[in-house]
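Encoded as C-alpha cells, the structure appears first; notes follow it.
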Amino acid sequence: VVILIVVLFLSLLIARRITKDIIFAIDTLSDGMDGFFKLLRGESKIVKPIVYEKHDEFGEMIGSLNSNIEVSARLHCELNNLMMSFDRNVIFSRTDLQGRITHASAAFCEISGYALDELVGKSHNIVRHPDTPKETFEKLWDALKSKKSIELDIKNLKKDGSFYWTHGTFEPEYNAE
C-alpha cells in the first residue's frame, strides 16, 4: 500500500510537471502567433520570432514554425505590395449580378474622377458614355452570364463630362452564393 501511495504521488508530480511545460509551451506559441496574425491584419509590419529556450520537442516544433512564419510573412508582404501596385496602376472594377459596383481600384477612381464612395453601390452605367452603343453592353453581359471572358474597347464617361477609352478584358467571377 505504501509503494502504491508513493507511485501515485510521483505520478501526480510528473503529470503536474509535464502539464506545466505543456501550458508554458502553448502560452509561448499563442503569444508568438499573435504577432503573425497582427501582420496579416495589417496591424504590424514585422513578426518577431517565437522565443522558446528549451531544447525539447516543443522547441523543435517552434523552430520549424518560426521558419514557416518567416516565409509566410515574406510572401504576405510581397503579395500585399503587388496588390497595392495593381490597385494604383490597373483600371479595375467589380460588380454584383445587377451591375452595381462593389469595388473599384484607385486607378479606376483616378481616371473616372469619382471617389470610391461615389462608385460603390452605384450602377456601372455611371461611367457609360452615350457614344458607346447599347449592343456593346448587351454583348458584354451575355458573355459574362455565359461565364465567358470578353475583350472590348469601351468609351467611358468621366465625372467632369469628358471621356476616356479602355481596352478591357472582362471576366466573370462567381462566388458560391
For N125, does its backbone N or O pair with a side-chain atom of S123 as donor and acceptor, under 3.5 Å? yes
Under a 4.5 Å cut-off applied to non-hydrogen side-chain atoms, are D27 and I23 in contact? yes
Honestly curious: do I62 and I26 fall in one hydrophobic cluster under the side-chain, below-4.5 Å linking rule? yes
Considering only heavy atoms from C-beta outward, does the side chain of E53 approach that of V51 to under 4.5 Å? yes
With a 4.5 Å heavy-atom cut-off, do T166 and D153 have their side chains touching? no
May I ask you to test the L116-V120 pair for a side-chain heavy-atom distance under 4.5 Å? yes
Nearest heavy-atom pair of A73 and V47: which atoms, and what distance? CB-CG2, 4.1 Å
More than 12 non-hydrogen atoms from neighbouring residues, nucleotides or ligands closer than 6.0 Å to CD on E57, yes or no? no
Neighbour count above 12 (heavy atom, 6.0 Å) for H167 NE2: yes
Quick one: CG on L40 to CE on M33, what's the gap to the nearest 0.5 Å? 8.5 Å
Check the pair L152, T136 against side-chain contact (heavy atoms from CB on, under 4.5 Å), reporting the backbone distance first and the verdict last. CA-CA 8 Å; L152 294 169; T136 301; 4.1 Å; yes
Nearest atoms (heavy-atom pairs only) where R128 meets T132: NH2-O, 3.5 Å
Can you check whether N81's main-chain N or O pairs, donor with acceptor, with S85's side chain at less than 3.5 Å? no
Give the intermediate values and the outcome of salt bridge (Lys or Arg N to Asp or Glu O under 4.0 Å) for residues E118 and K122. CA-CA 8 Å; E118 293 177 292; K122 302 288 189 309; over 6 Å; no
What's the shortest heavy-atom distance between L39 and S44, and which atoms? CD1-O, 3.4 Å
Taking C-beta and beyond as the side chain, do T169 and I150 meet within less than 4.5 Å on heavy atoms? no
Atom CZ of R41: over 12 foreign heavy atoms under 6.0 Å: yes
Considering all heavy atoms, the nearest R100-G121 contact: CD-O, 3.6 Å
Quick one: closest heavy-atom pair of L119 and S112, and the distance? CD1-OG, 4.3 Å
Here the gap from I111 atom CD1 to I91 atom CD1, rounded to the nearest 0.5 Å, amounts to 4.0 Å
Spell out, as yes or no, whether a donor-acceptor pair under 3.5 Å connects the side chain of N66 to the backbone of I50. yes
How long is the span from the CD atom in E173 to the NZ atom in K147, to the nearest 0.5 Å? 12.0 Å
Applying the 4.5 Å side-chain criterion to the ILVMFWY set and letting contacts propagate, would L140 and W165 be lumped into a single cluster? no
About how many Å separate CD of E110 and CG of N89, when rounded to the nearest 0.5 Å? 9.5 Å
In terms of hydrophobic clustering (I, L, V, M, F, W, Y; side-chain heavy atoms under 4.5 Å; direct or indirect links), are L29 and F37 co-clustered? yes
Calculate, to the nearest 0.5 Å, the distance between atoms CE and CG belonging to M84 and L82 respectively. 9.5 Å
Within a reach of under 6.0 Å around NZ of K139, are more than 12 heavy atoms found that belong to other residues, nucleotides or ligands? no
Quick one: OG on S105 to CZ on R88, what's the gap to the nearest 0.5 Å? 11.5 Å
Taking the six-membered ring for Trp, are F92 and H103 parallel (under 30°), tilted (30 to 60°) or perpendicular (over 60°)? tilted
Please answer: with hydrophobic residues joined when any side-chain heavy atoms are less than 4.5 Å apart, are Y164 and I126 in the same cluster? yes
If you count heavy atoms of other groups shown closer than 6.0 angstrom to CD1 of I3, is the number above 12? no
Donor on one side chain, acceptor on other, H129 and N156, under 3.5 Å: no
Under a single-linkage definition using a 4.5 Å side-chain heavy-atom cutoff for Ile, Leu, Val, Met, Phe, Trp and Tyr, are F24 and I14 assigned to the same hydrophobic cluster? yes
With side chains defined as the heavy atoms from C-beta onward, is the minimum distance between I22 and F58 less than 4.5 Å? yes
Using the rule ring pair (Phe, Tyr, Trp, His ring centres under 6.0 Å), only one of Y114, F137, W141, F108 pairs with H124; which is it? F108
Would a 4.5 Å heavy-atom cut-off, applied to side chains only, mark F36 and L65 as touching? no
